[in-house]
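Since the structure comes first, as structure tokens, the remarks are kept for the end.
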Amino acid sequence: MLDIHLLRTDLIKVLNGLSSRGFQPTEDLKKLMEERGSIRINTQKLEETRNKTAHNVGRLRSAGYDMSDKEIISLLDQTKKIPKQLKDAKKKLGNIENKLNQLLDVIPNLPHDTVPKDGKNKEVRHWGTEKTSGSFSFPVKDHVTIGEGLGLLDFRTATKLSGARFSLMVGELARLHRALAQFMLDTHTQEHGYTETYVPYLVNAESLHGTGQLPKFEEDLFKIPRKKCESEESKTDKGLQEENWYLIPTSEVPLTNCARNEIVSLESLPIKLTTLTPCFRSEAGSYGKDTRGLVRQHQFEKVELVQLVHPLKSYEALEQLVGHAEKILQKLELPYRVMLLHTGDMGFSATMTYDIEVWLPAQNTYREVSSCSNCEAFQARRMKARFRNEKGKPELLHTLNGSGLAVGRCLIAILENYQNADGSVSIPEVLRPYMGGIDRLKHREK
RNA sequence: GGAGAGAUGGCCGAGUGGUCGAAGGCGCUCCCCUGCUAAGGGAGUAUAGGCGCAAAACGCUUAUCGAGGGUUCGAAUCCCUCUCUCUCCGCCA
């Protein structure tokens, strides 16, 4: 959510910033805000009158007056009609505030000034040397051919179990997948100072609202209805409306929401959290896209990095966070590049995003394995995540998140980059301790 | 799933219709006193909005006692619904 003060004082700047990422507000924000202002003043005036009279009645009562004394009766005469007026005013105010909030809820964050606006992502740096088909002494295979060839990857069975966009890994490949995740977690906790966390995979709507997935992107999520009451008839009240759980699309949601409605101490900053979780995405609207292999799945594992930091430190923290994610690829000796996303490619909540893309020789291209964003106070404002600043006053935190990394896609990169002529796959040095010392994936003996 | 108890400020805890944004204590901040320390005395100590002021300080004002609704001139207090926590029983990885 954007700062409403900024909207009021510098609407032009906000609209310019938003248009660079292709967002046009559908309603006249300014008019709505003004309307709200005048209705609110009216409402508060009524409340003030009500409070004053009630106060005076109370004073007379404790001074010994009776409810039937004419002093009290005259006060009551003045004020009898206020509750009705107030009720109407509050209803009106509620309506307009809902409308305004609905509007504010779907406005994306403003890009940082340095983010490219030309519609092109900018390569910031790259690491390692790409192995093209020419670098191999044999025809390069893609990860599906490799995995299935070794008898370690089984999409047919996965489809039987669940349908399209699910996968089944068997034997040493499943183990390598687990090893990879463990390795990532160990690196971030032992070398980068993150606190390991175990989080819920089902979260409520409020959490998803906090990080920005709701209300705008509900169709991307898997929703789990929660039974709230037995009888249909008693569902009339607002409080009884259905409440859902959602499968997390990323552990950014539970990790960042840890700070929701909290005021943390200055000394506790920066808060650095990491966790390994499955992520669930409906992939609505991506029909026909990446249908082959492990690239785009309804369920995948990801190690997430989240930082909650002092507002003055958030860009510094973003650079560090990207570095933490890069370190994993370096240790795995996988070539990659870091891209600074342009305004149109950034996620809803971000002011600046770096994607890390790993080299996939079979596709002869780079593929995203991490997306690292600074959200500044955008999420913090939605979720009231604050810290007590140097003056002892509560102030919004800045939140950052990034994958460190997407496990499945990383596994693809290992399979393709480490493939051998005989169809086996070498295991990266750093993962061997996690693999009981074996150095390659071989064909599975039944 | 059944039965019961509860949710108040940073924390503990009082408050069952009226000068209650909320006693008291602890903690914290500032000041005073004591040549150090201990003890003591005084003042202050929520958050988010709106209005005023060029602005800060400040002043006025509104909301907030788990959440939402209701009753009332007036609700922390009464009524309804929900959420969460705790205890006991049952079931269970």
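Letters A, B, ... mirror the listed sequences (proteins, then strands); counts begin at 1.
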Looking at A/Y194, I'd like to know if the NZ or CZ of A/K272 sits under 6.0 Å from its six-membered ring centre while staying within 45 degrees of the ring's axis.
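Yes, A/K272 lies over the aromatic ring of A/Y194.
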
For [X], which contact category applies under a 4.0 Å heavy-atom criterion: base, sugar-phosphate, or nothing?
X      : result
A/R381 : nothing
A/R386 : sugar-phosphate
A/I41  : sugar-phosphate
A/N51  : sugar-phosphate
A/R59  : base
A/K87  : sugar-phosphate

With rounding to the nearest 0.5 Å, note down the distance linking OH in A/Y287 to CZ in A/R165.
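Rounded to the nearest 0.5 Å, the OH-CZ separation comes to 9.0 Å.
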
Would you mind telling me which of B/rG49, B/rU47, B/rC73 lies closest to the side-chain atoms of A/M67?
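Ranking B/rG49, B/rU47, B/rC73 by closest atom to the A/M67 side chain puts B/rC73 first.
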
Name the closest nucleotide to the A/P83 side chain, picking from B/rC73, B/rG49, B/rG18.
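Looking only at heavy atoms from C-beta outward on A/P83, the closest nucleotide is B/rC73.
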
Please examine the side chains of A/Q44 and A/E48, heavy atoms only from C-beta on, and report whether any two atoms are closer than 4.5 Å.
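A side-chain contact under 4.5 Å is absent here.
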
Report the distance from atom NE2 of A/H55 to atom C1' of B/rG74, rounded to the nearest whole Å.
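Atom NE2 in A/H55 sits about 11 Å away from atom C1' in B/rG74.
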
